[in-house]
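These notes are about the structure you will find just below.
In the text below, chain A, chain B and the rest are named by the order of the sequence lines, each starting its count at 1. Since we're looking at a predicted model, the values are computed, not measured.
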Protein chains: 2
Amino acid sequence: MDDVDRILLTELQRDATQAYAALGKAVGLSAGAAHERVRKLRDQEVIRRTTVDVDPAAVGRGVAAFVLVEANAWMGDHPVREALEALPEVVEAHVIAGPASLLVKVRTATTEDLQASLRRLFAIDGVTGTQTIVVLESFFERPVDTRG
Amino acid sequence: MDDVDRILLTELQRDATQAYAALGKAVGLSAGAAHERVRKLRDQEVIRRTTVDVDPAAVGRGVAAFVLVEANAWMGDHPVREALEALPEVVEAHVIAGPASLLVKVRTATTEDLQASLRRLFAIDGVTGTQTIVVLESFFERPVDTRG
DNA sequence: ACTGAAAATGACAACTC
DNA sequence: GAGTTGTCATTTTCAGT
């Protein structure tokens with residue numbers, strides 16, 4: 001992982017469809033050399049996968065919320081994880097240090113669906129309460145900065 | 001946007017490197033037809049971009065935190081947005097309804113760097129306080145579900 | 001890490017339903 | 001309007017150096 005790799009990662013985050021020749025040009029390498037570096041980054045799982053960024057509103061997920069989940073027992077175990085993974089509206093789930101046990105990010109079509117989701121979170125074993133933060137506007141959601 | 005498009009989106013979220021022939025097979029269409037549908041999804045900006053998912057820990061961003069930012073004035077304006085965009089460790093910024101004005105997601109190398117970031121957030125005009133939720137473990141962070 | 005060649009793929013066209 | 005097949009230019013991939 002040197003500076004060349006970091007630039008390659010930034011370029012791929014910006015546009016993963018560009019040709020290796022273009023990537024190579026961005027770092028002063030040949031297409032083949034750029035290809036080899038990217039292959040290694042994939043092997044090491046620095047690059048976990050190539051994916052597309054989908055507009056949530058366009059697929060009926062225009063409402064976003066963060067939900068602090070309080071529990072009467074340790075929530076950092078696998079049954080809880082699986083229960084959350086089974087909920088398609090839950091896009092992130094984190095074990096946290098702070099005012100609750102978990103923080104989950106939810107995306108739904110409407111606030112009614114958000115309410116339904118909260119009911120489902122409540123139904124998870126050990127959950128004693130939720131505190132919901134509704135997103136009014138997202139300034140940005142961007143990939144991790146690979147430099148700085 | 002029909003069910004075929006939704007399956008294409010799910011497939012591309014899972015692996016955007018696969019050939020159009022493979023995409024077509026997944027939905028029972030020819031490579032050309034799959035290509036045409038994906039092109040339209042890009043045109044409509046349902047697909048915003050093709051990108052790579054980078055392991056944050058591998059690029060020195062292994063610490064994640066959510067910061068509730070309290071302010072004495074309306075924070076939903078552009079100078080604030082630009083101030084946040086200028087901070088490379090801030091990966092998300094949302095205007096919220098709830099116990100604060102903004103919620104930002106921060107990724108740093110260490111907790112010392114997190115502390116430095118909080119100082120920088122405090123320095124933004126109008127900010128009167130922060131409440132920090134440190135992530136201990138992330139169960140998952142996944143793309144938005146395009147069906148269900 | 002570079003170059004060059006072979007194989008695979010993306011992009012585009014003409015045509016059909 | 002949407003899909004199929006066929007063609008060609010580009011790109012990826014894999015040698016050898």
Side-chain angles (χ1 to χ4, degrees), chain A residues 1-62 88 109 141-148, chain B residues 1-61 142-148:
Chain A
M1 271 295 288
D2 58 9
D3 287 342
V4 170
D5 285 333
R6 287 179 210 281
I7 297 171
L8 288 173
L9 289 173
T10 302
E11 278 297 311
L12 286 170
Q13 284 174 334
R14 188 176 63 74
D15 176 14
T17 68
Q18 62 189 308
Y20 286 111
L23 279 175
K25 184 171 278 182
V27 294
L29 288 177
S30 69
H35 183 279
E36 176 66 5
R37 279 183 178 260
V38 173
R39 192 192 62 72
K40 282 178 183 163
L41 289 168
R42 288 186 202 280
D43 272 4
Q44 302 167 221
E45 295 194 271
V46 174
I47 296 174
R48 290 163 164 166
R49 63 174 168 176
T50 303
T51 186
V52 292
D53 179 19
V54 173
D55 178 10
V59 294
R61 300 268 180 199
E141 297 175 87
R142 63 187 177 193
V144 65
D145 182 75
T146 62
R147 291 177 280 187
Chain B
M1 271 294 290
D2 58 9
D3 288 341
V4 171
D5 285 332
R6 288 179 209 281
I7 296 171
L8 288 173
L9 290 173
T10 301
E11 278 297 310
L12 286 170
Q13 284 175 333
R14 188 175 63 74
D15 177 14
T17 68
Q18 62 189 307
Y20 286 110
L23 279 175
K25 184 170 279 183
V27 294
L29 287 178
S30 69
H35 184 282
E36 175 68 4
R37 278 182 177 260
V38 173
R39 191 193 61 74
K40 282 178 183 165
L41 288 168
R42 289 188 202 279
D43 272 3
Q44 301 167 223
E45 294 193 271
V46 174
I47 296 174
R48 291 163 164 165
R49 63 174 167 176
T50 303
T51 185
V52 292
D53 179 19
V54 173
D55 178 9
V59 294
R61 300 269 179 198
R142 63 187 177 192
V144 65
D145 183 75
T146 61
R147 290 177 282 185

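Of all non-hydrogen atoms in B:Thr10 and B:Arg147, the two that sit nearest each other are CG2-NH2, 3.7 Å. For A:Arg61 against B:Gly148, the heavy-atom pair with the smallest separation is NH2-C, 3.7 Å. The minimum heavy-atom distance linking A:Thr146 with B:Val54 is given by the pair CG2-CG1, 4.5 Å. Shortest non-hydrogen contact noted between A:Ala26 and A:Ile7 is O-CG2, 4.3 Å. Here the closest heavy-atom approach between residue B:Asp145 and residue A:Pro88 is recorded as CB-O, 3.5 Å. Residues A:Arg6 and A:Met1 approach most closely at NH1-CE, 3.8 Å, considering heavy atoms.
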Seminar exercise, completed: Protein heavy-atom contacts under 4.0 Å, written 5' to 3' over nucleotides 2-10 of chain C as B (base), S (sugar-phosphate only) or - (none), form the string SB-----SS
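Regarding B:Lys40, its NZ atom lies at a distance of 16 Å from the P atom of C:dA11, rounded to whole Å. Following rounding to the nearest Å, B:Arg42 (CZ) and C:dA11 (C1') show an atom-to-atom distance of 13 Å.
Using a cut-off of 4.0 Å between Lys/Arg side-chain N and Asp/Glu carboxylate O, A:Arg37 and A:Asp5 are scored as salt-bridged.
Partners of A:Gln18 by side-chain hydrogen bond (donor to acceptor under 3.5 Å, both in side chains), not counting sequence neighbours, listed by chain and number: A:Glu11.
Heavy-atom contacts of chain B under 4.0 Å fall on DNA chain D between two terminal nucleotides, which in 5' to 3' order are D:dA2 to D:dT5.
Residue-level contact check: B:Arg37 touches the backbone only, with heavy atoms under 4.0 Å from sugar-phosphate atoms and none from bases.
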